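Report on one structure; see the data block that follows.
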Protein chains: 2
Amino acid sequence: MKPQDRYLPPEVCREVGSVLECIGDKWTILVMRTLDGGSLRFSELRRSISGVSQKMLTATLRALERDGFVTRTVTPTVPARVDYTMTDLGREVMVPLNALATWALRNQHRVSAARRSYDAKSARGK
Amino acid sequence: MKPQDRYLPPEVCREVGSVLECIGDKWTILVMRTLDGGSLRFSELRRSISGVSQKMLTATLRALERDGFVTRTVTPTVPARVDYTMTDLGREVMVPLNALATWALRNQHRVSAARRSYDAKSARGK
DNA sequence: CCGGATCCAATCCGATACTG
DNA sequence: CAGTATCGGATTGGATCCGG
C-alpha cells in the first residue's frame, strides 16, 4: 500500500471527521457512557459527572441531541423536569466507543508509564 | 444501577480521560490511521493528510510519541530523514479505534440526517 | 430545576519566517 | 527535509448572573 493510496476521498474524510469530532470533545464520552446505563435527568447527570459545568453539560447534550444520539424529553411540571435518553443510534455507537473506553481503562498504566519515560528524557535535555 | 453508582472513581476518570483526550483532538485519529498502514516519514505523512499544517502535524506526532503510540527515528543524513512508526501499544489501540472509525464511515448518513432534521426544527423557531 | 446570556482567561491552530 | 519561533484570530470552557 503506497502512501498516496492510504487516504479516503476528502469529502468522506470530512464527513467521518465530523462524526468523530463530536465524540472527541471534553465531556461527550463521559456523558454518553453515563447515559448508556439508562435515562437520567439533567441534575442527575450533573452529579454523576464530577467536574462538569452546567454550561458544558448543556452544550454537550445539545450536540448529542443534534447528532441523533440522545433524546431530550421535557415534562412541564413546576419546576420543569428534563430527561435524557440514548437513541438507537446512540446505543449503536456505544459499542465501539465502549471498546475504546475499556481499552483506555485497562491500559492507562502503560500510557502513563510512556509519558513518565518521555518526560524524564526531555528533562535531561535529550 | 443507581445513578450515583454509575461512575468510576475520580482518579480513574482522570486517567482514562487523559488517554481518550489525546485521541480526541483534531488530527490524532487521522495521523494514527495513516501510520497504521506502515511507517512514513514526515513529508509523506504531511502529503497523505490534506489540510494539516506543519505545526499541527509536529505537535500531534510529539503527543503520540510521548504517549508511547509512535516512535520517531532520525536518520542523520543531509538533509535529515525522520520516520514515524506505530508501536505495539499504538497498534493495539488501533483495534477499537478502527472499529469506531468504521462505524462513523458506515453511519455518517444517519448522523447528517439527524443534524438536518434538528437544524430544520430549530430554524422553524421550535 | 433547567438552561440561556455574558464576560473572560486559556488554548488551539493557521500563517509566516527562520534554522541545521 | 524536518523542524522551531512567534504572532494573532478563533475557539473552548469556566464562573456568574438572570429568567421561566
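These numbers were taken from a predicted model, which means no experiment stands behind them. Letters A, B, ... are given to chains in the order of the sequence lines, protein chains preceding strands, and every chain is numbered from 1.
Residue A/Leu61 contributes atom CG, which lies 14 Å from atom C1' of C/dC1 at whole-angstrom precision. In this structure, the CD atom of B/Gln54 is 12 Å from the C1' atom of C/dT19, given to the nearest Å. One atom, CG of A/Leu57, and another, C1' of C/dC2, lie 10 Å apart when rounded to the nearest Å. Between the CZ atom of A/Arg81 and the C1' atom of C/dG3 there is a distance of 17 Å, rounded to whole Å. Rounding to whole angstrom units, CG of residue A/Asp83 and C1' of C/dC2 are separated by 12 Å. We find that CG of A/Leu45 is positioned 10 Å from P of C/dG3, with the value rounded to whole Å. Note: CG (A/Leu30) to P (D/dG13) measures 13 Å, nearest angstrom. Here the P atom of nucleotide D/dG3 and the CD atom of B/Glu65 are 9 Å apart, to the nearest Å.
An OP1 or OP2 oxygen of D/dA2 is reached within less than 4.0 angstrom by no side-chain nitrogen or oxygen of B/Thr58. Between A/Arg72 and C/dC2 there is no side-chain polar atom (N or O) within less than 4.0 angstrom of OP1 or OP2. Between B/Thr77 and D/dC1 there is no side-chain N or O to OP1 or OP2 distance below 4.0 Å. Side-chain N/O atoms of A/Arg46 include none lying less than 4.0 angstrom from OP1 or OP2 on C/dC1. For D/dC1, neither phosphate oxygen OP1 nor OP2 lies less than 4.0 angstrom from any side-chain nitrogen or oxygen of B/Tyr84.
Nearest-nucleotide mapping onto DNA chain D: of A/Pro79 and B/Phe42, the residue sitting toward the 5' end is B/Phe42.
Using a 4.0 Å cut-off between charged side-chain N and carboxylate O, A/Asp119 and A/Arg116 make no salt bridge. Taking a cutoff of 4.0 Å between a charged side-chain nitrogen and a carboxylate oxygen, B/Lys26 and A/Glu21 do not qualify as a salt bridge. Salt bridge absent: B/Arg33 and B/Asp36 never bring a charged side-chain N and a carboxylate O closer than 4.0 Å.
Out of D/dG3, C/dC2, D/dA2, the shortest distance to the side chain of B/Arg41 is found at D/dA2.
Between A/Thr87 and A/Gly68, the closest heavy-atom pair is OG1-O, 2.6 Å.
Applying the 6.0 Å contact sphere to CZ of B/Arg106 captures no more than 12 heavy atoms from other residues, nucleotides or ligands. Atom CD of B/Glu65 sits in a crowded spot, with more than 12 heavy atoms from other residues, nucleotides or ligands closer than 6.0 Å.
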Would you list the protein and nucleotides 10-14 of chain C atom pairs, both N or O, that sit under 3.5 Å from each other?
| residue | atom | partner | partner atom | Å |
| --- | --- | --- | --- | --- |
| C/dC13 | N4 | B/Lys55 | NZ | 3.4 |
| C/dG14 | OP1 | B/Lys26 | NZ | 3.2 |
| C/dG14 | OP2 | B/Ser53 | OG | 3.1 |
| C/dG14 | O6 | B/Lys55 | NZ | 2.2 |

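Counting heavy atoms from C-beta outward, B/Arg72 and B/Thr85 have side chains that stay 4.5 Å or more apart. The shortest side-chain heavy-atom distance between A/Tyr84 and A/Thr71 does not fall under the 4.5 Å cut-off.
The terminal axes of the helix from C/dC1-D/dG20 to C/dG20-D/dC1, fitted over 5 pairs per end, subtend an angle of 40° to the nearest 10°.
Between the B/Thr60 side chain and the B/Trp27 main chain, no donor and acceptor come within less than 3.5 Å of each other.
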Note to self: Before you tell me yes or no, could you show the steps for B/Arg115 and A/Asp67 under salt bridge (charged side-chain N to carboxylate O under 4.0 Å, His left out), namely the whole-Å CA-CA distance, both residues' side-chain angles and the distance that decides it to 0.1 Å?
What the structure shows: CA-CA 5 Å; B/Arg115 281 180 194 169; A/Asp67 289 341; 2.6 Å; yes
